[in-house]
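Any value given below was found using the heavy atoms of this structure, including those in side chains, with hydrogens, waters and symmetry copies removed.
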Amino acid sequence: MTETTHRVPVSIPSRTGADALRVTDAAIGRIAASLGPDARGKALRIGVKPGGCSGLSYTMYVEDEIAESDTTIERDGVRIVVGETAMPYLKGTTLDYEEGLMESGFVFDNPNASSSCGCGNSFN
């Protein structure tokens with residue numbers, strides 16, 4: 001019997017009232033597992049940096065410090081932060097986690113990207 005996973009994006013309002021970032025249940029579960037039980041006070045920072053085949057690359061790393069200007073998303077004990085310089089590139093993006101036979105990983109569905117590379121790790 002095959003187990004079905006439902007990926008329901010949850011919209012988190014930004015300070016402007018528009019959707020900042022959507023995070024699926026699968027992504028929240030994987031982030032929680034990655035941060036582990038000792039994650040108190042830590043967050044996953046999502047951002048962008050110059051590079052990759054299409055111009056910009058996504059970044060994700062564990063963060064201890066959260067700036068006042070960061071957009072903070074908290075759900076099911078998981079905290080995600082996005083800096084104010086990255087938010088214009090990520091606003092409206094859905095973050096998902098997919099597992100497959102050949103590869104597994106986070107997937108960004110970014111409506112702001114005018115183009116992206118084949119691997120999905122960079123965009124323009």
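The line from CD of E84 to CD of E68 is 10.5 Å long, rounded to the nearest 0.5 Å.
Taking all atoms of both residues into account, the shortest heavy-atom contact from Y97 to A26 is O-CB, 3.5 Å. Taking both residues in full, the closest heavy atoms of P111 and K91 are given as CG-O, 4.2 Å, listed atom of the first, atom of the second, then distance. Heavy atoms only, all atoms of each residue included: V82 and R45 are closest at C-NH1, 4.1 Å. Nearest heavy atoms, A43 versus I66: CB-CD1, 4.2 Å. Closest of all the heavy-atom pairs between T59 and V48 is OG1-N, 3.7 Å.
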Practice problem: Test D70 against E63 for side chain to side chain contact (heavy atoms under 4.5 Å, CB included), laying out the working first. | Solution: CA-CA 12 Å; D70 288 340; E63 177 70 85; 6.0 Å; no

Quiz item: Yes or no on side chain to side chain contact (heavy atoms under 4.5 Å, CB included) for I31 and I80, after CA distance, side-chain angles and deciding distance?
Solution: CA-CA 9 Å; I31 294 166; I80 300 168; 3.8 Å; yes

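Taking 4.0 Å as the cut-off between side-chain N and carboxylate O, R22 and D109 do not count as a salt-bridged pair.
Contact check for K42 versus D64: side-chain heavy atoms found under the 4.5 Å cut-off. By the 4.5 Å heavy-atom criterion applied to side chains, L95 and F108 are counted as neighbours. Between L21 and T71 the shortest side-chain heavy-atom distance does not fall below 4.5 Å.
The main-chain N or O of V107 is never found under 3.5 Å from a side-chain atom of D96 such that the two would form a donor-acceptor pair. Side-chain atoms of N112 never come within 3.5 Å of backbone atoms of G92 as a donor-acceptor pair (strictly under, hydrogens ignored).
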